[in-house]
Amino acid sequence: MKRVLIPNRGEIALRIVGACEELGLESVIAASEPDRDGLAARRADRVVVLGPGPASESYLRDDAIVQAALGTSCDAIHPGYGFLSESPRLARRAREHGITFVGPPTSAIELAGDKLAARFAAERAGAPVLAGGEVTSAAEARRLAAQIGYPVLVKAAGGGGGRGIKLARDGDELDELTGLARAEAAAAFGDDRLYVERLIRRARHVEVQIVADGRGAVIALGERDCSVQRRFQKLIEEAPAPGLPTGLRERLLDCAVSVASAIGYENVGTVEFVLDADREEFFFLEINCRIQVEHPVTEAVTGRDLVALQLQIADERPLGFTQADVESTGHAVECRLNAEDVTKGFMPSPGRLSIFAVPDLRGLRVDTHCFAGATIPPYYDSLMAKLIAHGDDRDRAIEVLLRALEGLDVEGVETNRTLLTAVLGHPDFRAGAVTTDWLREAVL
Amino acid sequence: MALSHDDVREILRLIDESDVDELLVETEGFSLHVVRRGAAASDGDAPTREGDGGARVEEPSADRAADELLTVPSPMLGTFYRAESPGAAPFVEIGADVEPDTTVCIIEVMKMMNSVAAGVTGTVVEICPRSGELVEYGAPLLRLRPR
């Protein structure tokens, strides 16, 4: 592997360029037109413009991306997260042209993308799954929900990442939802299959970072807690998950390794679980085939560069460590600074940044593509920066983040800074783990 | 009724999925005029902002350069070909007169051949990329002297 095409933008594109530099690889950013002068494009060895601003005409064009890789003599594509990062189509197309796709085998991407098939595969691998199953009619949904007990979640098989999920509190709501959910799933994912799952009332979102070298080694790099969420979208993540009993933690990591091994997973990935906060029980949710937004908290506590590992594994280089070598030091917390107006229903707030400065603090890492003068275009997600603090303990990490947010200087767009500060300073959050409903109930 | 960002996105999505080339939405204090890329606007002075969420009025596919030459930009990323097939005569040579619908080159994206029309009337003074070269979206393909 010599030259890597990065069809992505924002902080993750910059992060991948950095990993390429570390490994002595050249990088080519494949950007949309408004991103052609972005930080990642400036720092990469080359930039090619895929198409105009809308993602459907640039970052989501697998044909243009593979053509760009061929035309710039790239021998690998690192897709980052979002866009086509979990697209079997891009992976297959790249591989057909002899280009390394930095990710798991196409079969694993396909399996993971089908949430219902992934659920079956996890169950076969011995992972606990939530009571539930596929439903093909409203009547069937009602029968299954009556067995499970309300409330239930109606999920799209083609969804994932918090998309395509609806809550039904009783039979009438379920009746109303299933038709709508099916139509929406067909429109959004091109797959109208639905399944119903039991809702854990007091749930924590805990996920396990997996590294698999394709030679049989499947290693767990610890877990992350991502329970501070709004509408299934993560806001604050941390590693390790606070307050997990040792036995439970070990079972969770073992389970993730079993699932990843069973499906022939290779490269870096994540197995997500829902944890019942009232009982020591966890259930498989889904497998993510990409680098995750929140990967830096795992990097902070384990000292491993996950993006470099992705490239190394894809290049068939040895991992150089085993499960026994994995250590975790201290505690890391990440918060996502978004360009959005919290007071107006979290409306995205694109615009030009007249000021952008983050204080330089010990223990603070900032992953961002923002700078004074940069424009946040209206086409993409609103993530501006990830602030990651690593400290000897959780309190210390939170303190660093609070100081970072206090010292942050942003002008030109609205941000969610006040909300992040409120969460990080909240007595419930300071006391330890919260549940996925907590943000809505206690803060918003 | 005020339209939110999400509403606009939803409208754009609906248009994307339909065969509609042009749409005008007017509510109190708000008007949205969307023209699909490549479609001719029925009303040349439609008031939308350039560079806004796909909702823009397309200028003709060539713009007037400072030196009075017109540039034909690449409508997509792909491989530039001057001729239909290897050995065939190029679509245009320097000095050729072109009309807006004259095919000037082909851009190949994953075996899909997309012919590119000049979009303007003029005389070819420069052919920018070499045949077989990767061109980016927006890269200059030809420069023309207006006629």
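Letters A, B, ... are given to chains in the order of the sequence lines, protein chains preceding strands, and every chain is numbered from 1.
- There is no contact between B/E133 and chain A, counting heavy-atom distances below 4.5 Å.
- The most heavy-atom pairs under 4.5 Å with chain B, out of A/V66, A/V48, A/D62, A/T72, come from A/V48.
- Of all the listed residues (B/E108, B/M112, B/M76), the one sharing the greatest number of non-hydrogen pairs under 4.5 Å with chain A is B/E108.
- Here the side chains of B/M110 and A/L70 are in contact, with some heavy-atom distance below 4.5 Å.
- Side-chain atoms of A/Q67 and B/T79, non-hydrogen and from C-beta on, do get closer than 4.5 Å to each other.
- For the set A/G345, A/A68, A/S32, A/G51, the entry with the most heavy-atom pairs within less than 4.5 Å of chain B is A/G51.
- B/Y137 OH to A/R36 CZ: the interatomic distance, rounded to the nearest 0.5 Å, is 10.5 Å.
- Counted within 6.0 Å of CZ on A/R89, heavy atoms from surrounding residues, nucleotides or ligands total 12 or fewer; the atom is thus considered open.
- Counting heavy atoms from C-beta outward, B/L77 and A/V49 have side chains that stay 4.5 Å or more apart.
- Here CG of A/L50 is found 9.0 Å from CD of B/E136. Values are rounded to the nearest 0.5 Å.
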